[in-house]
Amino acid sequence: MSQALPCAAQVTPAAGYVPPDDTPSITVGATLFADYTIVTTPKITDADGNRVTANAFNIGRAYLNVTGHVSHRISFRITPDIVRESGAGSSLTGSYTFRLKYAYAQFNLDDWTNAGRTGTWVRLGMQQTPYVDFMESVYRYRFQGTIFEEREGFMSSSDVGAAAHYSLPGNYGDLHGGVYNGESYARAETNNQKAVMLRGTVRPLRMHPVLRGLRVTGFYDRDAYLRHAPRTRAIGALTFEHPRVNAAWEYLVARDQTSAAAGRVEGRGYSLWATPRAARGWEGLIRFDRLVPSRDLDAARDRTIGGIAYWFPHQGTVSTALLLDVERQRFHHLTAAPPDDHRVALHALVNF
């Protein structure tokens, strides 16, 4: 007489369950910034003593983005960048040379922390810094020039370190922080001091049909040039995103003491910008920056940018744009200040 065998445990995934894709993959992309710039003021003197208007074709950025997935939990990015070689005595002086901009491994933690949400991870290596990475997701015009804080030399877009990111429940915002060398991607670590950076962003009205695009951000960078010589940056920002306009207000406080014996300098500044959008790819750029290098001095530097851009229609994350802009920089009461700078440029972006 035969005996029924016990049923085997079910191994078929439950209905509606989609298993994560753990197929290893690698993708190669490219980013190009190019421009033709005319500096109308100040004039320059050529080798023959003639007063001329400087103008040049330039390559501002040329990235090769290599990204890969070892599994749905482990990924990586390697991105070399070009830079104009300017070292004295180098046989490559004046040439474009490649250097490393990003090189990191990312460990995704969504399986354990986010209950179905994405965006929680840990990164190790040369990677984006928390504030610049966030702001450039709203401000799409790095191909014209960097955001205010980076352009004034107060921070870098990339540094070497360890960082973590966490997405708040309900699309209320996110946290991004880490420990970095503090010397940026362009220089090696020089001592034992490390930079601790933390950004927190909150979306207070996430259910409102219009105001859900409003976000409030705070950022703090605690670093030091040397022991007992602090280098700190604090930023508060409001950003707004809408199909017809992106806009932001940023306020910076920077404290610098280059050595224990040197005096402490506190700089302040702000940036206001908006990018109103019309139909069929047309977009405006309006931006005003003001920097007060030291609150102890009656001196300031203003930058005004205005332009019109056309964004070509594409699918996915591919983007191509042309921007015609005017930029003016004025100096007020600065000791040995350079002359005011006025320029007109045509910028091009290709991102694939």
What donor-acceptor contacts under 3.5 angstrom involve side-chain atoms of residues 129-138, with partners at least two apart or in another chain?
residue	atom	partner	partner atom	Å
Thr129	OG1	Ser156	O	2.6
Tyr131	OH	Glu250	OE1	2.7
Glu136	OE2	Arg142	NH1	2.4
Ser137	OG	Phe134	O	2.4

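Residues Phe219 and Met197 are in side-chain contact: their nearest non-hydrogen atoms beyond the backbone lie under 4.5 Å apart. Pro42 has its side chain out of reach of His342: every pair of non-hydrogen atoms, C-beta onward, lies at least 4.5 Å apart. Counting heavy atoms from C-beta on, the side chains of Thr53 and Lys43 come closer than 4.5 Å. Ser319 is listed as a side-chain neighbour of Asn351, based on a closest heavy-atom distance under 4.5 Å. Side-chain contact between Phe331 and Asp340 is present, with at least one heavy-atom pair separated by less than 4.5 Å. Arg233 places none of its side-chain heavy atoms less than 4.5 Å from the side chain of Arg222.
With 3.5 Å as the limit, one finds a donor-acceptor pair spanning the side chains of Arg287 and Tyr139. A donor-acceptor pair shorter than 3.5 Å can be found between the side chains of Asp111 and His72. In summary, the side chains of Asn58 and Asp35 do present a donor paired with an acceptor at a separation below 3.5 Å, with no hydrogens or angles considered. In the model, Asn65 has a side-chain atom that pairs as donor or acceptor with a side-chain atom of Thr31 under 3.5 Å. Using modelled atom types and a 3.5 Å distance limit, the side chains of Arg203 and Tyr172 yield no donor-acceptor pair. Residues Thr120 and His165 have side chains that never bring a donor and an acceptor to within less than 3.5 angstrom of each other.
Within 6.0 Å of CZ on Arg227 lie no more than 12 heavy atoms contributed by other residues, nucleotides or ligands. Arg328 CZ: 12 or fewer foreign heavy atoms inside a 6.0 Å radius. No more than 12 heavy atoms of other residues, nucleotides or ligands sit less than 6.0 Å from atom CZ of Phe352.
Remark: the backbone N or O of Phe148 is not paired with any side-chain donor or acceptor of Asp289 at under 3.5 angstrom.
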Glu327 vs Arg343, salt bridge (Lys or Arg N to Asp or Glu O under 4.0 Å): CA-CA, chis, key distance, verdict: CA-CA 5 Å; Glu327 179 177 329; Arg343 56 187 62 203; 5.2 Å; no

Residue pair Tyr141, Trp311: steps toward the ring pair (Phe, Tyr, Trp, His ring centres under 6.0 Å) verdict: CA-CA 11 Å; Tyr141 286 90; Trp311 292 79; 5.7 Å; yes

Intermediate values then yes/no, side-chain contact (heavy atoms from CB on, under 4.5 Å), Phe240 and Asn246: CA-CA 6 Å; Phe240 179 72; Asn246 282 6; over 6 Å; no

Leu100 and Met126: CA distance, side-chain angles, deciding distance, side-chain contact (heavy atoms from CB on, under 4.5 Å) verdict: CA-CA 8 Å; Leu100 201 59; Met126 185 179 292; 4.1 Å; yes

Stepwise salt bridge (Lys or Arg N to Asp or Glu O under 4.0 Å) test for Arg268 and Glu266: CA-CA 7 Å; Arg268 297 175 181 267; Glu266 182 175 304; 2.4 Å; yes

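With rounding to the nearest 0.5 Å, the separation of OG1 in Thr275 from CD in Glu283 is 4.5 Å.
The aromatic rings of Tyr102 and Tyr63 stand perpendicular to each other, their planes meeting at an angle above 60°, with 30° marking the opposite boundary. Ring orientation note: the planes of Trp249 and Tyr251 are close to parallel, at an angle under 30° on the 30°/60° scale.
Between Tyr225 and the options Thr190, Asp256, Thr258, a side-chain hydrogen bond (donor to acceptor under 3.5 Å, both in side chains) holds for only Asp256.
The salt bridge (charged side-chain N to carboxylate O under 4.0 Å, His left out) analysis of residues 170-183, with sequence neighbours excluded, yields the pairs Asp174-Arg199, Glu183-Arg231. Applying the side-chain hydrogen bond (donor to acceptor under 3.5 Å, both in side chains) test to pairs two or more places apart or on separate chains, those with a residue in residues 210-221 are Thr201-Thr217, Arg215-Glu241.
Within the 6.0 Å centre-distance limit, the rings of Phe57 and Tyr36 are counted as a close aromatic pair. Between Trp121 and Phe107, the distance from one ring center to the other does not fall under 6.0 angstrom.
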